[in-house]
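What you see is a predicted model, and the numbers here were worked out from it, not measured in a lab. One is the number of the first residue; the rest follow in order along the sequence. Computed over heavy atoms, backbone and side chain alike; hydrogens, waters and symmetry mates excluded.
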Amino acid sequence: MKYTQLGRTGLKVSRLVLGTMNFGPQTDESTSHAIMDAALDAGLNFFDTANVYGWGENKGRTEEIIGSWFAQGGGRRDKVVLATKVYGNMGPDGEAWPNHDKLSAVNIRRAVDASLKRLGTDHIDLYQFHHVDRATPFDEIWQAVDVLIQQGKILYVGSSNFPGYKIAQANETAARRGGTIGLVSEQCLYNLAERRAEMEVIPAAQDYGLGVIPWSPLHGGLLGGVIKKEAEGGRRASGRAADTLADPVARKQIQAYEDLLEKHGLEPGETALAWLLTRPGVTGPIVGPRTREQLDSALRALELELGEELLASLDEIFPGPGPSPEAFAW
């Protein structure tokens, strides 16, 4: 396993992040435990979850599955860099009682304690804001964070789905307060087919010393060989991938991608992950396996070396926006 520092911190994390969103809704508890054991055996030490995972009436279930895995002992908790998130409404009926969602100081305090209980641990290594809260000032958010750090309940703080200006605003507020480390990571939508993060989010993260943790590295399965799988009678595209393939121009683009990788004898999903590992500022993409086989495929991406010619061909198929601010200034 390859490791790197998380942003400007001294924390060492694996270059792949185990995403757990499928644990509960699509993957049962015993299989989820087996996947986490296999990840740890492979040296993957960075696990990502969120308080809302499990969804609907089962919100929190994913954290509970991780907690029951920790409870098996064997040094599991000590070996894992544990990341979870706060923001979403945890009410099963979809309607939040006032102050039971977002990033007010009262909800942050409540949400941390609830996550700790479900996870069966006394601290969270990386506590992430799942979305921007436009109604809560960062002074209030950092005040709540400072208390939790002093209590030993969280160690580091990250953001998710933040625009570049909010990363700057958050860390400038932290710097002004003094004694607050500020955001150390940003978890954003970023992959070959969705490169808008290169315009401002990733430059802001790099300037402020945040590690970048891409989510949906296969763009909802679109970059995982979806056309070939459909032709072979496999799992059909759904969600974001199906919507994209309905566009003839986008389908032609994905076909060109799959044809290129077939020419090079490469698997599309593994190549998409390996491409992210070449990108400046990226700590590691989040992989969300439903099965052990999917985890094994993701791990193979760590061994791929993508040559300059192939990288250039990928840029031709999926051109990025270009350098910032030139990409949007002229």
Tell me, yes or no, whether the heavy-atom count around Glu326 atom CD, taken from other residues, nucleotides or ligands under 6.0 Å, exceeds 12.
-> yes
Sorted by chain and number, sequence neighbours left out, side chain to side chain contact (heavy atoms under 4.5 Å, CB included) with Ala272 holds for Leu218, Leu223, Tyr257
Where at least one partner belongs to residues 11-34, residue pairs that pass salt bridge (Lys or Arg N to Asp or Glu O under 4.0 Å), sequence neighbours excluded = Glu29-Arg61
What pairs with Thr283 under side chain to side chain donor-acceptor pair (under 3.5 Å), at least two apart in sequence or on another chain?
-> none
Could you list all the side chain to side chain donor-acceptor pair (under 3.5 Å) pairs where at least one residue sits in residues 199-217, not counting sequence neighbours?
-> Asn161-Trp215, Glu172-Tyr208, Ser216-Arg240
Any salt bridge between Lys153 and Asp122, counting N to O under 4.0 Å?
-> no
Do NZ/NE/NH1/NH2 and the carboxylate oxygens of Arg118 and Glu64 come within less than 4.0 Å?
-> no
Side-chain donor/acceptor pairs under 3.5 Å, residues 304-325, sequence neighbours excluded:
unit_1	atom_1	unit_2	atom_2	d
Ser313	OG	Glu309	O	3.1
Asp315	OD1	Arg195	NH1	2.8
Ser324	OG	Met199	O	2.5

For Asp139, which residues count as a side chain to side chain donor-acceptor pair (under 3.5 Å) partner, sequence neighbours excluded?
-> Arg176
Using a strict 4.0 Å threshold on nitrogen-to-oxygen distance, state whether Glu258 and Arg251 make a salt bridge.
-> no
Looking at Arg77 and Asp125, does any basic side-chain N land under 4.0 Å from a carboxylate oxygen?
-> yes
Is the number of heavy atoms from other residues, nucleotides or ligands under 6.0 Å of Arg8 CZ greater than 12?
-> yes
May I ask you to check whether Phe23 and Trp69 place their ring centers less than 6.0 Å from one another?
-> no
Between Asp296 and Arg292, is there a salt bridge with N-O shorter than 4.0 Å?
-> yes
Glu262, CD: over 12 other non-hydrogen atoms inside 6.0 angstrom | no
